[in-house]
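Computed over heavy atoms, backbone and side chain alike; hydrogens, waters and symmetry mates excluded. Because the structure is predicted, anything quoted here is derived from the model rather than measured.
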Amino acid sequence: MTIRAFLGGSFDPMHSSHLAMAMSVHTTLYQATTNPISVSLMPTKGNPFKGKPTPDEHRLAMLRLATAGTPIGIETCELDRTPPIYTIDTVRLLRQTHPNDTLIFILGQDSLYGLPTWKDGDKILDFVNIWAFWRGDFDQDDEFSPQVLANLTFNLDKFLTHQGMIYQDRTPITAMSSSQIRTLIANKDPKASDHLPPKVADYIHKNALYGETVL
């Protein structure tokens, strides 16, 4: 049985916090289990409420550059589908594709609070477990939904051996969003490069993405 973890997102652009989350999950799993491990970045077609994303070929190229030489893979199943694409449909597809494996969906603390608002959010745990990274900048006074509270655990062994669990990971990850990166690039702020893998920064420069040619 393989343990498969997926970090979804538009990756527009891919930045260092994305890679840090995926690598942290891989390292933790590698130390915790002898099972085969697969950790992948899973680009989406984009969020219809956030405008049209950068073309798939550019986002995939940046993902390949960022993950080269790492154990992190790329899962492209969402790019082959017609929007709108909902998480419930993706996790159902992943379960159909990998019926005997342990499946993990990686997300941030802010997304965990919003889980009840997702389409069929109460059914997501029927197909995958959730690995949630704590975000220190997020309002910790908000309350989780009853479903999240009932399935939340800090016990990794329990998380890996029970279906429908949510693992709370307090590993510190720098809070950063792709929209913040795009704003820095558009404003010609050199701090953008601080949050991008060097090869991704070079790719953005060479292809004049995000309305800027100099980082």
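- One finds no salt bridge joining Arg95 and Asp126 here, because no Lys/Arg side-chain nitrogen approaches an Asp/Glu carboxylate oxygen to under 4.0 Å.
- Here the side chains of Trp131 and Leu29 are in contact, with some heavy-atom distance below 4.5 Å.
- Every pair tested for salt bridge (charged side-chain N to carboxylate O under 4.0 Å, His left out) that includes a residue from residues 76-87 fails, sequence neighbours excluded, so the list is empty.
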Chi angles and distances behind the side-chain hydrogen bond (donor to acceptor under 3.5 Å, both in side chains) call for Thr183, Gln180: CA-CA 5 Å; Thr183 298; Gln180 289 174 300; over 6 Å; no
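- Judged as a salt bridge (Lys or Arg N to Asp or Glu O under 4.0 Å), and not counting sequence neighbours, the contacts of Asp101 are Arg4.
- Under 3.5 Å, the side chains of Asp12 and Ser178 contain no donor-acceptor pair of N or O atoms.
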Determine whether Asp56 and Arg59 satisfy the following criterion, salt bridge (Lys or Arg N to Asp or Glu O under 4.0 Å), listing intermediate values before the conclusion. CA-CA 5 Å; Asp56 296 351; Arg59 293 188 290 130; 2.7 Å; yes
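- The aromatic ring centroids of Tyr113 and Phe144 lie less than 6.0 Å from each other.
- Judged by distance alone, the side chain of Asp189 and the main-chain N or O of Lys191 form a donor-acceptor pair under 3.5 Å.
- Separation of atoms CD1 (Ile173) and CH2 (Trp134) is listed at 14.5 Å; rounding is to 0.5 Å.
- Of the charged side-chain nitrogens involved, at least one lies within less than 4.0 Å of a carboxylate oxygen, so that Asp89 and Arg92 count as a salt-bridged pair.
- Looking at residues two or more places apart in sequence or on another chain, you find no salt bridge (Lys or Arg N to Asp or Glu O under 4.0 Å) involving Asp120.
- Under a 3.5 Å cut-off, the side chain of Thr67 and the backbone N or O of Leu63 do form a donor-acceptor pair.
- Side-chain atoms of His18 come within 3.5 Å of backbone N or O of His15 as a donor-acceptor pair.
- Using a 3.5 Å distance cut-off with no hydrogens or angles, the side chains of Thr153 and Asn155 do not pair a donor with an acceptor.
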